[in-house]
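Here's the structure we're looking at; comments come further down.
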Amino acid sequence: MKESFFLSLRFRMTIGVLLGVVPPMLAAIWFASFHAANIIRSQAKQNLELKADVLTESISRWEQMNIRVLRSISQNPSTVSMNASKQLPLLVGINRSYSHIYIAEAYNLEGYVVARGSGTPPDRINRSDRYWFKSAVAGTEITREALISRLTGKPAVIFSTPIREFASLTLGDRGNSVSELQQQLKQLGYYKNEITGLYGNATADAVAQFQKKYSGLSAGGSLDSTTKQLLELATNFQQKFSQTPQLNSTDKSADQLGKIKGVAIIGILLSDLARAIGTVRIGKTGFAFLVDNKGQLIAHPDEKYFAKKQLINLSNYPPVKTLLAGKRGAFYFADDRGVKWLSCLNQLDSGWGVIILQEEAEVLEKEELFWQFAITIATIAVLGVGGLTWILTSRLVRPIGDLTVAAAQLSNGDWNQRVNIDRQDELGTLAKAFNHMAVQLQKLFASLEAKNQEADKARTEAEKASKAKSLFMANMSHELRTPLNAIMGYSEILEDEACELNCEELVPDLQRINNASKHLLSLINDILDISKIEAGRIELYLEKCDISAIVHDVANTIKPLVDKNSNVLSVNCPPDIGTVYTDVTKIYQCLLNLLSNASKFTEAGEITLEVRRFRRKQEEEREKHEEKFSFLGEEEVKSDVLGVESKREISKSEKELESDIPAAEEWISFTVSDTGIGMNPEQIERVFQAFTQADESTTRRYGGTGLGLAIAKKFCQMMGGDISLESELGKGSIFTVELPAIVAEKAAS
């Protein structure tokens, strides 16, 4: 029917939705997604970087403290003497003063222990092959080697440094050592001149003034080893309480370094570092760990990583590999399990690396807040145009609601339902079709009711009325289906238009109309089928077809119904199952009815369709012959007592299976099993009766006419087969359809 486009429902609803909903919705989604990603990732990176900086600074202070302790050993005059009796008091004092130092030792250049802080006598084990020893002897000022301690079995680090013999500085000496001396004296306030690197009178006077401060020193102005040690201690003490940068003693030139006389070491357990790292917690998944310059794990909050005799090498772990490549800062990566992480990398001056990790999923949890904000904006936009949308759609919603109520009442058997909608659009056409259908159904069921009442009077009259009813319903198929098809068609058109106009609130009502119409059509089709069967008006149309193709089509058709109740359909059909000569449509309808019932009465279960080909007569005859002659033995066959007839019969039985068994008749069986509600014996007896289900509660809960199984059984019997049922309440049901592979022509006629 033609109408002005600008007056149509589609145009008005489209303008309303576009002007009221789409712009603010798009703006809200864009704002939330853009700002959520930037803000959350920025905050997460800053948090990890702050934690990494604090932890790096803490580890650096810990490392500098241990280096100062080590230098207090290597630069002590008693240590330089390489005399065990002079070294022992200092080493013992160091061992006792610092609980985290489990070993303090001095070695000669041959690699043997001179003295130990533990007080135990030196052993004769040569350690010249150790990395920390060779590095110190080679002149490296500070060597760090992480390992699993042989004494404690725990992760530890060995700090080593060479023990050097210090040469005195006097007037006229020149070099970097003099420059360092002048810098130390100037920092302490004894030297006022420029740093020249020449040991002149001004430098000697400053040294003499410093020596006068200590009663044990001779104020001669020359720098001996004792004065040098006291000067370094005083400088370090002042640096500790001032902002003056510390001197880096590792940058000394060759003329500043004395002759190497031995090696001093301290062994430090890394438990303190592990505890410090364990306190770094970021959310539920964040943690930190420490690796050395080789990528070995040396500190971790979980002690299980140090259960072996050697440190774990993590050089191929993505963040460690990135750190060893010289990169710093935060970056994202995925581990071998596919878990995504946000990582922050820091490296100490010693080459050790601090790594902090946190799962990306936890980092992005706050992004949900931004999505909630976006949803709030969208909701406000929708509410803002709600009044306009209500005005534009009221004319559509009210008649659809009336149609929905009327269709629901009609599907429940109230045939007096009528809809009063006087419109010239699609809804008016739908209402007229509905009223026409209601009139036709009322007439039909009034006629059926009258005939059923007459059938109660006498058996003969009942049979005639039943046939009359069947013939009447078979002839009325066009008049009944035409208005139903019109209702379904228009309801589907309106549903599509509602979806296009973003009026999703109308879709459920339109779907109810469509579902109610389909329900009525299914009910009428079932009644017509059973009526045609009873009236003898259904014929078989035999043709040759592939069984696997039929099974495949049925499985595809039933899949949406199977998925609706979260079931799983398994099909076991051999690819070489072959062909049959039968009525394809009847087999298709039988399988569809059985699978529909299984899907309807099963929730979150398993449904199985199994197909097999067998020879019924051969199997039955074989079992009969084997049972008949099983009591006869070999000696009895040869005995004359049995007589000629017995011998002949026994001889025949030996060849029966090859020649005398009648030609086998091929059959096809379709077995549909489910894990649904099942049935008790009483329900099994009446399940194949027309207009009957297992019980009234099943009808109320699951719906249906109770004709599907009755029709399927009639069809199977028409084709020369049958349906059998096995079921147990609460455990499921098994329906088995057995049909001949070649249906006889007389069955079709």
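Source: prediction; values computed, not measured.
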For [X] and [Y], which heavy atoms make the closest approach, and how far apart are they?
X      : Y      : value
Ile268 : His100 : CG2-CD2, 3.2 Å
Lys186 : Asn193 : NZ-O, 3.7 Å
Thr170 : Asp173 : N-OD2, 2.8 Å

Regarding [X] and [Y], does a basic nitrogen lie under 4.0 Å from an acidic carboxylate oxygen?
X      : Y      : value
Lys340 : Asp335 : no
Lys294 : Asp292 : no
Lys45  : Glu49  : no
Glu145 : Lys134 : no

Can you pull out every ring-ring contact (aromatic ring centres under 6.0 Å, His included) where at least one residue sits in residues 103-139? Sequence neighbours excluded, please.
Tyr107-Trp132

One should read off an interatomic distance between Lys51 NZ and Asn47 CG, to the nearest 0.5 angstrom, of 6.0 Å

Quick check: does any side chain N or O of Asn201 sit under 3.5 Å from a backbone N or O of Ala204, one acting as donor and the other as acceptor?
no

So, Ser149 side chain and Thr152 main chain: donor-acceptor pair closer than 3.5 Å or not?
yes

Under 6.0 Å from the NZ atom of Lys261, do we count more than 12 heavy atoms belonging to anything else shown?
yes

